[in-house]
Number of protein chains: 2
Amino acid sequence: MSEAAWDSTILIGVDGGGTGTRIAVSRSGSASIRLAEGPASALSLGVANAWDVVAGLCAQALDTSIHAMPWSRCVMVAGMAGAHHLPWREQFLRDAPAMQRLRVETDAFTTLAGAHAGRPGAMIALGTGSVGEAMRADGNRVQVGGYGFPAGDEAGGAWIGLRASRHVQQAFDARVTCDAFAQALAARMPIDSRDALIAWLGRAQARDYARLAPTVFAFGTHPVATAILDEAVDQVRMMVDALDRHGDLPIALCGGVGAALRSRVSGSWVRRLVDPESDAAHGALVLAREMSRDERVRA
Amino acid sequence: MSEAAWDSTILIGVDGGGTGTRIAVSRSGSASIRLAEGPASALSLGVANAWDVVAGLCAQALDTSIHAMPWSRCVMVAGMAGAHHLPWREQFLRDAPAMQRLRVETDAFTTLAGAHAGRPGAMIALGTGSVGEAMRADGNRVQVGGYGFPAGDEAGGAWIGLRASRHVQQAFDARVTCDAFAQALAARMPIDSRDALIAWLGRAQARDYARLAPTVFAFGTHPVATAILDEAVDQVRMMVDALDRHGDLPIALCGGVGAALRSRVSGSWVRRLVDPESDAAHGALVLAREMSRDERVRA
């Protein structure tokens, strides 16, 4: 597909996260989708960086140079981590190339759109952090969580890892036995002494704690791991209840931690769980397609 | 008491913390003690700052100018927050004025010395953070905790406040009812909207969370506050058990949070609790007096 083939409107969905960025591109009226992946573009890392990454990946997906991007024919929905912070969001809009249409959403909303293909539903995104969002049948949107690390982000990877790090702390000063779980967590950090642990904890960011989460799942039957993961499920349940009081929306648990937690969910709400249909980049593309269609209907 | 009266050895105990500094000064052979208080001197805030504060307070306590300090006649024990970090500790020793004798300890150890007047015992210091230390009858020292915020510092003020902030988060997005406890915590921050809460949480440091702890104690019968404070007592109990496996040492709960938690302790270990005899500055002075006496015996 050469650049010339993109003579109709170009639809772009962006998932701009704190770890990586994914772009889904399609022509209006076409089902074929091109994808590109690159480094982080969360707005907290700088709006200039976000546009460098996003524009570069758009050019890559369209197989053109960044200077030859046909921006005037583009309709973009960008789901950006950090878009709830208004100054960053406004700067991102100001610095944008001149497009046919640009809409900026939080990555939570595009994750929701991807999970239920734009239909009503609820989702809890569980990666390094956590956030929940729902769109009800009447179109109303509700959000829950998203308060960030360390006070919020319940049941996210960093939340799980921070709790697990306490088992290592307590093992290293003999509050608890230094068992295989504590040793596996220490190896993952990696540290081998109390002083090294103090130094690691002094430097650790949310993403460092999140890297401990797979070890917690691997030791899922250890009493401490079980307690952490059971509490994580309880926290997800509270978020779901706040998003969907009547209990009638489908619920998708998104992100790596969401997928891993799913098998631990029990009780009445397990039957409302659905697999996410697609990811946030595809969700943003669904929204871009809807937006483009609405424009044409109105025109 | 003029400067001339200080012709014998001058004993100085320093409690250098992250919030403030306290100095206790005495002559060898005298029971009279002079005190001075000033700003923070934790080594994490810079060793030059620590010496500025400590030297200034020594001069103040001795009623002399900082340039006229009779350092050559001083025996100092400095219990400094951050002294467990060896590069800071070594820099503090290198930058010291030439004294008759200088010993640097962690503030945890001088708190212990103050709590039990230098005799065997265990203490849990609960301020913004938490740390436990014991000296056994054979002179062996054991430490527990002290891993810092947010992963460690169990039962400290910041640990309590961080947990309480979750009640506000959950109240502000309707996971729980926005009750009087949530409102009191929000007023203490102070914030009045979900966006303001997100901004507050984005900026909050350990000391900001610690400022919420008094509100948690004030609402101590609220189910969420009760759960937090009960867990804090459990955490303190675990630290005590690690410090004193045989259960035969007196235990002092030190710091503002320690004093507030004491009435919530129940069970068999309540009879081992004792009031701290004095604070960390007096503890450091006790150690300075012992050190000075040992020197003379050896001489």
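Residue numbers start from 1 in every chain, and the chains themselves are labelled A, B, ... in the order their sequence lines are given, proteins ahead of strands.
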Item to check | Winner by heavy-atom pair count (cut-off under 4.5 Å) against chain B, out of A:A204, A:G161, A:A242 | outcome: A:A242

Checklist entry - Taking every heavy-atom pair that is under 4.5 Å apart, which of A:I198, A:V176, A:L243 has the most such pairs with chain B? => result A:I198

Checklist outcome for this item: Turns out that what part of B:V142 lies under 4.5 Å from chain A's heavy atoms comes down to neither

Next on the checklist: Counting heavy-atom pairs closer than 4.5 Å to chain A, which one of B:V144, B:L201, B:L197 comes out on top?
Outcome noted: B:V144

Item to check | Heavy-atom pair with the smallest gap, counting every atom of B:L162 and A:P150 | outcome: CD1-CG, 3.7 Å

Checklist entry - Highest number of heavy-atom pairs under 4.5 Å with chain B: which of A:G132, A:G145, A:G202? => result A:G145

Atom pairs (donor, acceptor) spanning chain B and chain A, under 3.5 Å:
| unit_1 | atom_1 | unit_2 | atom_2 | d |
| --- | --- | --- | --- | --- |
| B:Q143 | OE1 | A:R194 | NH2 | 3.0 |
| B:G145 | N | A:D173 | OD2 | 2.7 |
| B:G145 | O | A:R194 | NH2 | 2.9 |
| B:Y147 | OH | A:Q169 | O | 3.2 |
| B:Y147 | OH | A:R194 | NH1 | 2.9 |
| B:P150 | O | A:R166 | NH2 | 3.4 |
| B:A151 | O | A:R166 | NE | 2.7 |
| B:A151 | O | A:Q169 | NE2 | 3.3 |
| B:E154 | OE2 | A:Q170 | NE2 | 3.4 |
| B:E154 | OE2 | A:R175 | NH1 | 3.4 |
| B:R166 | NE | A:A151 | O | 2.7 |
| B:R166 | NH2 | A:P150 | O | 3.4 |
| B:Q169 | O | A:Y147 | OH | 3.2 |
| B:Q169 | NE2 | A:A151 | O | 3.3 |
| B:Q170 | NE2 | A:E154 | OE2 | 3.4 |
| B:Q170 | NE2 | A:Q235 | OE1 | 3.4 |
| B:D173 | OD2 | A:G145 | N | 2.7 |
| B:A174 | O | A:R245 | NH2 | 2.5 |
| B:R175 | NH1 | A:E154 | OE2 | 3.3 |
| B:R194 | NH1 | A:Y147 | OH | 2.9 |
| B:R194 | NH2 | A:Q143 | OE1 | 3.0 |
| B:R194 | NH2 | A:G145 | O | 2.9 |
| B:Q235 | OE1 | A:Q170 | NE2 | 3.4 |
| B:R245 | NH2 | A:A174 | O | 2.5 |

Checklist entry - Which one of B:A199, B:G152, B:G148 has the most heavy-atom pairs closer than 4.5 Å to chain A? => result B:G152

